[in-house]
Amino acid sequence: MKEKEKQEKRREHPVFTIWVHTGYAVLVLSMIGWMIYMEFFM
């Protein structure tokens, strides 16, 4: 999405990038868990 901004401005806070990655990981894991839940309980 914002590849140019990240390449130009490399001075981002590491905590921000960690929160973004953890957010994406939680989102993907929750989607997979919901799919497995629907498969087993429906």
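Quick caveat, the model's predicted, so the values are computed rather than measured. Just the heavy atoms: all of them, side chains too, but no hydrogens, waters or symmetry mates, feed the values below.
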Are Val28 and Met35 connected in a single hydrophobic cluster, I mean Ile/Leu/Val/Met/Phe/Trp/Tyr linked by side-chain heavy atoms less than 4.5 Å apart? no
Verify same cluster id: Met31, Leu29 (apolar side-chain graph, 4.5 Å): no
Check for me, please, whether Phe16 and Leu27 land in the same ILVMFWY cluster - side-chain distances under 4.5 Å, paths through other members count. no
Would you say the rings of Tyr37 and Trp34 are close, in the sense that their centroids are separated by under 6.0 Å? yes
